[in-house]
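One structure is given below, encoded as structure tokens.
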Amino acid sequence: MKISYCDDIGAAAKLWSICFPGDSPDFVHFYMDRVHRERDALVLRGAEGDPRAYLGMVPYEMELHGTRVPCSYLSGVCTLPQFRGRGYMIAMMEQALAKMYQRGDVLSLLIPAKPTLYLKFGYIDCFFLEQKPLPSGKGEGGLVKSSQNLNRWYELDCRRHFDGFLHRSREQWQILLEEHVRFERGELWENEGAYALVSRFPEKTVVKECMGEQEAVRSLLCRIGEGVMLSPDSQKAFGQARVIHAEKALVLAEDCFVNVSDPWIPQNNGSFSVRSGQVTREKGGGRPMKIEELTALVMGGKNYMNLMLN
């Protein structure tokens, strides 16, 4: 078995197609063309060089308490069915955590297929979403083809309501909107103070995201019709996070003296003193703190992540 960066886009596409049969060939091609990058993905090969497992580490920025930090979103994590149960994913995760630390990521984010799948690697629930009914009634706003205001309303709303949120670059917005329209039966709605990304599925209408001024949001939602919206005002776990670089993450914490324990990233183990945003490694002492506890400390109370091509 050998794990390396994934320089074979054909092998990556084949693994994805077999492991995620619900994704269309067009979507797989779209993902590999627009998202997959060699240095942001790992592949595990058998003794004969055959690809058996894949793991994507898509780079993003997370804004926490007004500070942007680099992070990676784990995407497309999979093993071919005939090779599952051999410990391949444990080996892949160990490599991924090491690679993310080396490239300077402060956090790692993911949306687990099963709630408990990544807990053993130090991840904890940090993002929450659930479906809630749309309001009914008349309002202002309508269907549009494109907009220049989405990022402005998105960041203003996130800063107003969340301790942390995923920043979206111009390219990431373009990919998100293209995927929404092409593969999610997507529509874009807007008025003077809000936008909504709407999917018209055969079984129901889903507002996947709606951001903006409070009254403008309410008015816009009233125009969309019957359906549901994905609301972050929820206690239903949706996504998880993990601190990758303890020393860099502690810059965001209040003054403290802690002794961090991380069984997967040995560089994080040790004592750290935090004073006025300055982090110093100490020879010992401090309050014992598991990496999961450090993640909870850094992430704060309410965070937002959504629309990750999941």
Side-chain angles (χ1 to χ4, degrees), residues 6 8-38 40-41 54-61 72-78 109-111 113 127 129 131 134 141-155 158 165-191 194-212 220-221 223-232 238-239 304-310:
C6 187
D8 186 343
I9 195 169
K14 184 177 180 180
L15 283 165
W16 191 294
S17 297
I18 294 172
C19 294
F20 305 111
D23 290 337
S24 69
D26 284 345
F27 174 81
V28 177
H29 177 78
F30 170 82
Y31 184 92
M32 293 301 159
D33 180 57
R34 302 297 302 278
V35 181
H36 168 88
R37 298 292 181 267
E38 175 184 342
D40 298 331
Y54 175 88
L55 186 153
M57 304 172 292
V58 185
Y60 278 89
E61 286 187 326
S72 286
Y73 173 74
L74 297 194
S75 175
V77 182
C78 62
L109 316 173
L110 56 84
I111 299 172
F127 305 96
L129 278 179
Q131 293 186 1
L134 286 175
L143 187 64
V144 296
K145 290 185 177 180
S146 63
S147 174
Q148 303 299 317
N149 299 318
L150 272 65
N151 192 57
R152 178 163 65 100
W153 293 124
Y154 173 77
E155 295 204 359
C158 283
F165 66 94
L166 208 66
H167 174 73
R168 295 169 183 165
S169 68
R170 180 185 296 272
E171 181 184 8
Q172 286 161 347
W173 268 109
Q174 292 172 344
I175 293 171
L176 184 161
L177 292 173
E178 185 177 349
E179 191 270 344
H180 176 65
V181 172
R182 286 181 59 182
F183 304 106
E184 299 292 327
R185 299 175 180 265
E187 299 173 353
L188 173 58
W189 287 68
E190 186 182 28
N191 59 20
Y195 72 88
L197 301 181
V198 182
S199 289
R200 302 288 189 181
F201 298 118
E203 63 276 13
K204 62 184 171 182
T205 292
V206 179
V207 177
K208 305 189 79 175
E209 182 171 273
C210 187
M211 295 284 189
L220 188 59
L221 290 175
R223 287 290 303 274
I224 293 170
E226 292 186 3
V228 298
M229 67 177 295
L230 298 180
S231 172
F238 171 73
Y304 185 76
M305 174 179 66
N306 193 10
L307 305 179
M308 307 302 293
L309 279 67
N310 53 296

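Counting from 1, the numbers follow the sequence of the chain as shown.
Of all the heavy atoms in Ala196 and Val207, the pair that sits closest is CB-CG1, 4.2 Å. Looking at every heavy atom in both residues, Lys204 comes nearest to Val228 through CD-CG2, 4.2 Å. Considering every non-hydrogen atom in both His36 and Tyr54, the closest pair reads ND1-OH, 2.9 Å. Closest approach of His167 to Gln172, counting heavy atoms only: O-OE1, 3.6 Å. The minimum heavy-atom distance between Met57 and Ala41, with the atom names listed, is CE-N, 4.1 Å. Taking each heavy atom of Ile9 and Met32 in turn, the nearest pair found is CD1-O, 3.4 Å.
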Hey, mind stepping through Phe127 and Ile111 against side chain to side chain contact (heavy atoms under 4.5 Å, CB included) and telling me if it holds? CA-CA 9 Å; Phe127 305 96; Ile111 299 172; over 6 Å; no

Kindly determine whether Gln131 and Leu230 satisfy side chain to side chain contact (heavy atoms under 4.5 Å, CB included), including the steps that lead there. CA-CA 5 Å; Gln131 293 186 1; Leu230 298 180; 3.7 Å; yes

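Taken from CG in Leu176 to OG in Ser169, the straight-line distance is 10.5 Å, to the nearest 0.5 Å. Distance check: Trp153 CH2 to Met211 CE gives 13.0 Å after rounding to the nearest 0.5 Å. Taking CG from Leu197 and NZ from Lys208, the interatomic distance works out to 8.5 Å, rounded to the nearest 0.5 Å. A distance of 7.0 Å separates CE in Met305 from CG in Leu110, rounded to the nearest 0.5 Å.
Distance alone, capped at 3.5 Å, is enough to place a donor-acceptor pair between the Ser199 side chain and the Glu184 backbone. Although no hydrogens or angles enter the test, the distance criterion places no donor-acceptor pair under 3.5 Å between the side chain of Asp40 and the main chain of Pro59.
When only modelled atom types and interatomic distance are considered, Tyr195 and Glu209 share a side-chain donor-acceptor pair under 3.5 Å.
Summarising the local packing, NZ of Lys14 is surrounded by 12 or fewer heavy atoms from other residues, nucleotides or ligands at distances under 6.0 Å.
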What pairs of donor and acceptor atoms, side-chain ones from residues 17-28 against any protein atom, are under 3.5 angstrom apart with sequence neighbours left out?
unit_1	atom_1	unit_2	atom_2	d
Ser17	OG	Ala13	O	2.9
Asp23	OD2	Trp16	NE1	2.9
Ser24	OG	Phe27	N	3.1

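Applying the ring-ring contact (aromatic ring centres under 6.0 Å, His included) rule to Tyr304 yields the partners Phe162; only residues at least two apart in sequence or on another chain are considered. Ser147 is linked by a side-chain hydrogen bond (donor to acceptor under 3.5 Å, both in side chains) to Glu190, counting only residues two or more places apart in sequence or in another chain.
With salt bridges taken as basic N to acidic carboxylate O contacts below 4.0 Å, none links Arg34 and Glu179.
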